[in-house]
Number of protein chains: 2
Amino acid sequence: MSKQTQTLTVLGQDDQDDAACCPVITAAPLDAEQAAGLAQVFKALGDPVRLRLLSMIASREGGEVCVCELTPAFEVSQPTISHHLKLLRQAGLIDCERRGTWVYYWALPATLDRLAAVLRAPQAATVSA
Amino acid sequence: MSKQTQTLTVLGQDDQDDAACCPVITAAPLDAEQAAGLAQVFKALGDPVRLRLLSMIASREGGEVCVCELTPAFEVSQPTISHHLKLLRQAGLIDCERRGTWVYYWALPATLDRLAAVLRAPQAATVSA
DNA sequence: GTCGTGGATCGAAAAACGTCAACATAGAAG
DNA sequence: CTTCTATGTTGACGTTTTTCGATCCACGAC
């Protein structure tokens, strides 16, 4: 199931060095390559249906949501939901696994955190709990 | 200059109550209205040129950048830059003012912070400096 | 006033996007 | 095997977006 189209890794999830790992918009101008990668992730968030899908998945207590729960929550067709889920997955925001008849999706919080870090102004310090 | 098309206020910049002010993606599913407003702001970030423009403006020490500095930094035409700046302004991410011959843009960090808060997973606590 | 420059606006063309109906695929149950 | 259900994929269509050249407006200089 995880072999469709390859997932983005533009945010440097694996090899974070020091500062090259996560650009911050308020710190320095993005170069074209960083901007292109980040833009694709933000673009994935730039649709109301995808935002609601992501929030339904990311806010789920158990961490996983079956597609059969997502589809009836919208007024668009099932192929459209499937298409949006694919885009969210290609953006590295969610992942999925087939278990029997059903497919379950979960959020990838590392991507969300890194996106938040890109936007965060430097006036607030973060302390890990 | 600030009378073109009206600026978005979907993030509740003015009247933040308690939790209704700033939805958090990992806390609860977004309703359709919240998602529509947030999607428009994220869509504004979903373009490489706009991301670079925003980072050039937001990272400027003095806080202001003249359009005459932004335009030659890209390989697209001046009307295109003007168009992207307009979209960023309609998203509430930047604002501008004409001063004599030139127009200066600056970032609106409150919008950036609120977007970051929407994405932030609950596992990290923030402490204001 | 006229002229020149910085920047926004106006169409228009090409590309990308969102959506659907139709079809394909994977697994469960007979 | 066949059949049924849950999802993903394909191809097409209408809409939106991105980009440009041409034009217009605001301002300073003269």
Side-chain angles (χ1 to χ4, degrees), chain A residues 1-7 32 35-36 39-54 56-57 64-91 94-106, chain B residues 1-8 32 35-36 38-54 56-57 64-91 94-106:
Chain A
M1 184 105 255
S2 299
K3 37 72 186 171
Q4 287 183 181
T5 335
Q6 67 185 24
T7 305
Q40 185 162 345
V41 185
F42 281 123
K43 194 181 299 182
L45 298 176
D47 180 273
V49 174
R50 285 196 293 269
L51 264 186
R52 290 176 63 195
L53 280 171
L54 178 62
M56 289 178 70
I57 297 170
E64 293 179 345
V65 189
C66 176
V67 176
C68 59
E69 284 185 77
L70 299 172
T71 303
F74 297 86
E75 293 179 341
V76 298
S77 68
Q78 174 268 321
T80 299
I81 296 294
S82 190
H83 170 67
H84 286 311
L85 288 172
K86 182 179 180 180
L87 292 185
L88 287 172
R89 202 153 66 78
Q90 290 176 349
I94 59 176
D95 203 353
C96 66
E97 183 186 29
R98 174 167 218 129
R99 221 169 292 147
T101 308
W102 293 278
V103 177
Y104 294 88
Y105 281 80
W106 59 87
Chain B
M1 186 103 253
S2 299
K3 38 73 185 171
Q4 289 182 181
T5 335
Q6 68 184 24
T7 305
L8 278 184
L38 285 171
Q40 185 159 345
V41 185
F42 281 122
K43 194 182 299 182
L45 297 176
D47 179 273
V49 174
R50 286 196 293 270
L51 264 186
R52 290 177 64 196
L53 281 170
L54 179 62
M56 289 179 69
I57 297 170
E64 292 180 345
V65 189
C66 176
V67 176
C68 59
E69 283 185 76
L70 298 173
T71 304
F74 296 86
E75 292 180 343
V76 299
S77 67
Q78 175 266 321
T80 299
I81 296 295
S82 190
H83 171 67
H84 285 311
L85 289 172
K86 181 179 180 179
L87 291 185
L88 286 173
R89 201 152 68 79
Q90 290 176 349
I94 59 176
D95 203 354
C96 66
E97 182 187 30
R98 172 169 219 129
R99 220 169 293 146
T101 308
W102 293 278
V103 177
Y104 295 88
Y105 280 80
W106 58 86

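A note on names: the letters A, B, ... follow the listed sequences, proteins ahead of strands, and every chain is numbered from 1. Predicted model, so just to flag it, every value in this text is computed and none were measured.
- One can place CG of B/Leu45 at 15 Å from P of D/dT17, the figure rounded to the nearest angstrom.
- Place A/Lys43 and A/Val76 on DNA chain C by their nearest nucleotides, and A/Lys43 ends up nearer the 5' end.
- Taking atom CG of residue B/Leu51 and atom P of nucleotide D/dT18, one finds them 12 Å apart after rounding to whole Å.
- Between the CZ atom of A/Phe42 and the P atom of C/dC17 there is a distance of 17 Å, given to the nearest Å.
- Closest approach to the B/Val103 side chain among C/dA8, C/dA22, C/dG18 is made by C/dA8 (side chain taken as heavy atoms from C-beta onward).
- The main-chain N or O of B/Ala91 is never found under 3.5 Å from a side-chain atom of B/Arg89 such that the two would form a donor-acceptor pair.
- Between the CG atom of A/Leu88 and the P atom of D/dG8 there is a distance of 12 Å, given to the nearest Å.
- Checked against C/dA8, D/dG21, C/dC20, the side chain of B/Val67 finds its nearest nucleotide in C/dA8.
- Where B/Arg50 and A/His83 each meet DNA chain D at their nearest nucleotide, the meeting point lying more 5' is that of A/His83.
- B/Ile81 places its CD1 atom 16 Å from the C1' atom of C/dT9, with the value rounded to the nearest Å.
- Nearest heavy atom pair, residue B/Leu88 against residue B/Arg50, reads CD1-O, 3.7 Å.
- With rounding to whole Å, A/Gln90 atom CD is found 9 Å from D/dT9 atom P.
- The two residues A/Arg52 and A/Ala73 have their closest heavy-atom pair at NH2-O, 3.6 Å.
- When rounded to the nearest whole Å, the span between CD of B/Glu97 and C1' of C/dA8 equals 17 Å.
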- Message: I'd like to know whether A/Met56 forms a side-chain contact (heavy atoms from CB on, under 4.5 Å) with A/Phe74, so could you lay out the CA-CA distance, the side-chain angles of the two residues, the decisive distance to 0.1 Å, and finally the verdict.
- Response: CA-CA 12 Å; A/Met56 289 178 70; A/Phe74 297 86; 3.8 Å; yes
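- In this structure, A/Gln40 atom CD and C/dC17 atom C1' are separated by 13 Å, rounded to whole Å.
- Going from atom CG of B/Leu87 over to atom CG of B/Leu45 covers 11.0 Å, rounded to the nearest 0.5 Å.
- Distances shown here put a side-chain N or O of B/Thr80 below 4.0 Å from the OP1 or OP2 atom of D/dC20.
- Listed candidates were D/dT9, D/dA6, D/dT18. Nearest to the side chain of B/Leu87 is D/dT18.
- Across all strands shown, A/Arg99 has no heavy atoms under 4.0 Å from either base or sugar-phosphate atoms.
- Side-chain N/O atoms of A/Gln78 and base N/O atoms of D/dA6 include no donor-acceptor pair closer than 3.5 Å.
- One finds no side-chain N or O of A/Arg98 lying less than 4.0 angstrom from the OP1 or OP2 phosphate oxygen of C/dT25.
- Proximity of B/Tyr105 to the phosphate of C/dA8: a side-chain N or O atom is located under 4.0 Å from OP1 or OP2.
- Nearest to the side chain of A/Thr101, among C/dA28, C/dC20, C/dG18, sits C/dA28.
- Between A/Asp47 and B/Glu69, the residue anchored nearer the 5' end of DNA chain C, judged by the nucleotide with its closest heavy atom, is B/Glu69.
- At the phosphate of C/dT19, OP1 or OP2 sits under 4.0 Å from a side-chain N or O atom of A/His84.
- Put simply, the side chain of B/Val49 does not reach to within 4.5 Å of the side chain of B/Thr80, judged on heavy atoms.
- Relative to the side chain of B/Ser82, the nucleotides C/dA8, D/dT7, C/dC20 differ in distance, and C/dA8 lies closest.
- Of the candidates D/dG21, C/dC20, D/dT7, C/dC20 carries the atom nearest the A/Pro79 side chain, counting heavy atoms from C-beta on.
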